[in-house]
Number of protein chains: 2
Amino acid sequence: MLYIGFNRKIFMMELDALDKQLVALLQEDCKKTTKQYADALQLSKTAVYERIRRLERTGVITGYVALLDKSKVNRDFTVLCHIRLVQHTKENVLRFEREILKLEEVSECFHVGGDYDYILKINVEDMKSYREFMITKLTAINNIGNTQSSFVINEVKNTPSVHI
Amino acid sequence: MLYIGFNRKIFMMELDALDKQLVALLQEDCKKTTKQYADALQLSKTAVYERIRRLERTGVITGYVALLDKSKVNRDFTVLCHIRLVQHTKENVLRFEREILKLEEVSECFHVGGDYDYILKINVEDMKSYREFMITKLTAINNIGNTQSSFVINEVKNTPSVHI
DNA sequence: TAAATAATAGAATATTGTTCTAATTTTGAT
DNA sequence: ATCAAAATTAGAACAATATTCTATTATTTA
């Protein structure tokens, strides 16, 4: 259990086997009816309903979203861009991250250890728009040392879900 | 428009401004009521309902999923793992990808050009389980040359959605 | 072991999704 | 530009589902 502040205990939610099954189903498809999940878990509608509400209330489930076919919306040119900063002062790091958050082309950005400082996933229409993005938006950010772009040839697997 | 096979025309779906707004809303939260989207777009329930059905039917929307707080399910140790293959024959590539698809710890895997051949996103509980994963599962796959692991220090941004 | 708490099932109700009909708008050919 | 055809939309009617409620059962804990 975690202790936060003074005497405020936050318990890690315990997920039993049914919760885990349920979460797995919801990560695959969150639009089925309560009855369908209930049948899969051999529970009543109410039991499943209450479990889902609890998963939401405790923050295990953070939201429900639609997924798109990127090729159908002209955003299937994906690049994994590695970035090194020049200076790593707190101000520089925070400013860089703040600027990155403004860029709609960036769907993921991780601060990492190792060869580079940041790894970004960028979704644009084509190479031309990537070049435009790089020149006018990304490298326009101060303090970027150098970058290395890995162009995605094929998405072998790409899911927002995690196995638990 | 795309021509596939003999005289079979597949039209790229045209998304108007309302479709784009709607898709943006659905990528943020797909569990609102039709009426809520209708109000946001200043349309009737039916209009929105039909637009959503069309987006689904044409494959723009591929599904609806629940998102989890990885820290709440003990999977918030994220690693971006770069992999080089020894040989790049078609058989080797396909076999490697087939093996990767079996690994539940891997949520994303991209075949990329550049320094490395593949970049994987791996979600596990902690460094100990990552080590275990590396030894018993990943490097157990044949034909892997070398790997470079970038450990995630901080998720600046991480969304499955794309801006259109 | 007993009391308290939490989880579950099934029924009742409220809300929302889905279909239907008619009106309106848009498209495409002449 | 004009008209017919097709697609989109609004509002009402209906069907399905979510949500709440009550009682029962299971689980915890003192």
Side-chain angles (χ1 to χ4, degrees), chain A residues 1-3 7-69 72-74 164, chain B residues 1-3 7-69 72-74 164:
Chain A
M1 78 191 81
L2 300 165
Y3 286 82
N7 215 21
R8 292 179 62 80
K9 304 177 192 180
I10 309 263
F11 291 87
M12 178 68 69
M13 173 164 180
E14 271 302 328
L15 300 178
D16 66 16
L18 288 172
D19 287 325
K20 287 177 183 173
Q21 270 189 263
L22 181 53
V23 162
L25 293 174
L26 291 169
Q27 284 191 119
E28 284 202 351
D29 181 0
C30 69
K31 282 282 186 125
K32 289 180 173 168
T33 67
T34 313
K35 174 144 177 40
Q36 286 180 289
Y37 300 120
D39 289 346
L41 303 183
Q42 310 249 59
L43 280 176
S44 73
K45 274 173 43 168
T46 311
V48 168
Y49 181 78
E50 287 302 332
R51 277 172 183 268
I52 293 177
R53 292 230 29 180
R54 187 163 47 90
L55 291 165
E56 292 169 353
R57 190 162 26 81
T58 57
V60 173
I61 292 174
T62 58
Y64 301 94
V65 301
L67 300 180
L68 303 190
D69 180 339
K72 295 274 173 70
V73 294
N74 290 113
I164 62 172
Chain B
M1 72 193 82
L2 298 166
Y3 286 82
N7 215 20
R8 292 181 63 80
K9 305 176 191 179
I10 308 264
F11 292 86
M12 178 68 68
M13 175 163 180
E14 271 302 329
L15 299 177
D16 65 16
L18 288 171
D19 286 324
K20 288 177 183 172
Q21 268 188 267
L22 181 54
V23 162
L25 293 173
L26 291 168
Q27 283 191 121
E28 282 200 354
D29 180 359
C30 69
K31 281 286 185 120
K32 289 181 173 166
T33 66
T34 312
K35 172 144 181 38
Q36 286 181 287
Y37 300 119
D39 290 346
L41 303 184
Q42 310 249 62
L43 279 176
S44 72
K45 272 174 48 172
T46 313
V48 168
Y49 180 78
E50 289 301 332
R51 277 171 183 269
I52 293 177
R53 290 226 34 181
R54 187 163 47 91
L55 290 165
E56 292 168 353
R57 190 161 28 81
T58 58
V60 174
I61 293 175
T62 58
Y64 302 94
V65 300
L67 299 181
L68 304 189
D69 180 340
K72 294 272 173 70
V73 293
N74 290 115
I164 63 171

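All of these numbers come straight from a predicted model, not from anything done at the bench. Below, chains carry the letters A, B, ... as their sequence lines are ordered, and counting in each starts from 1.
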| remark: For nucleotides 6-14 of chain C, 5' to 3', base contacts (B), sugar-phosphate-only contacts (S) and non-contacts (-) with protein non-hydrogen atoms under 4.0 Å give --SBB----
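Separating the CD atom of B:E14 from the C1' atom of C:dT27 is a distance of 14 Å, rounded to the nearest angstrom. Nucleotide C:dC20 holds its C1' atom 14 Å from the CZ atom of B:R53, rounded to whole Å.
Two end axes, each from the C1' atoms of five base pairs, can be drawn for the helix from C:dT1-D:dA30 to C:dT30-D:dA1; they diverge by 60°, to 10 degrees.
Here the shortest heavy-atom pairing between A:C30 and B:A66 reads CB-N, 3.8 Å. Taking every heavy atom of both residues into account, A:V48 and A:T34 meet most closely at CG1-CG2, 3.9 Å. The shortest non-hydrogen separation linking A:L25 to A:A40 is CD1-CB, 3.9 Å. In plain terms, the two heavy atoms of A:V65 and B:Q27 that are nearest each other are CG1-O, 3.1 Å.
For A:D29, there are no salt bridge (Lys or Arg N to Asp or Glu O under 4.0 Å) partners, not counting sequence neighbours. Among residues two or more places apart in sequence or in another chain, the side-chain hydrogen bond (donor to acceptor under 3.5 Å, both in side chains) test is passed with A:K20 by none. Residues that satisfy the side chain to side chain contact (heavy atoms under 4.5 Å, CB included) test with A:E56, not counting sequence neighbours, are A:I52, A:I61, A:Y64. Listed by chain and number, the residues in a side chain to side chain contact (heavy atoms under 4.5 Å, CB included) with B:D19 are B:M13, B:L15, B:D16, B:R51, B:R54 (sequence neighbours excluded). Scored by the side chain to side chain contact (heavy atoms under 4.5 Å, CB included) test, B:Q36 finds B:K32, B:T33 as partners (sequence neighbours excluded).
Side-chain atoms of A:L22 and A:L43, non-hydrogen and from C-beta on, never get closer than 4.5 Å to each other. B:T58 has its side chain out of reach of A:K72: every pair of non-hydrogen atoms, C-beta onward, lies at least 4.5 Å apart.
Of all the residues in residues 21-31 of chain A, not one reaches under 4.0 Å from DNA chain C with any non-hydrogen atom. The stretch residues 55-65 of chain A does not touch DNA chain D, since none of its heavy atoms comes less than 4.0 Å from the strand.
For the atom pair OG1 of A:T62 and CG of B:D69, the computed distance is 6.5 Å after rounding to the nearest 0.5 Å. We find the CD1-CD distance between A:I164 and A:Q21 to be 11.0 Å, quoted to the nearest 0.5 Å.
Within the structure, side-chain hydrogen bond (donor to acceptor under 3.5 Å, both in side chains) contacts touching residues 37-47 of chain A (residues at least two apart or in different chains) are A:K35-A:D39.
Taking a heavy-atom distance under 4.0 Å as the criterion, the stretch of DNA chain D touched by chain B extends 5' to 3' from D:dT9 to D:dG11.
At least one side-chain nitrogen or oxygen of B:Y49 sits closer than 4.0 Å to the OP1 or OP2 atom of C:dT18.
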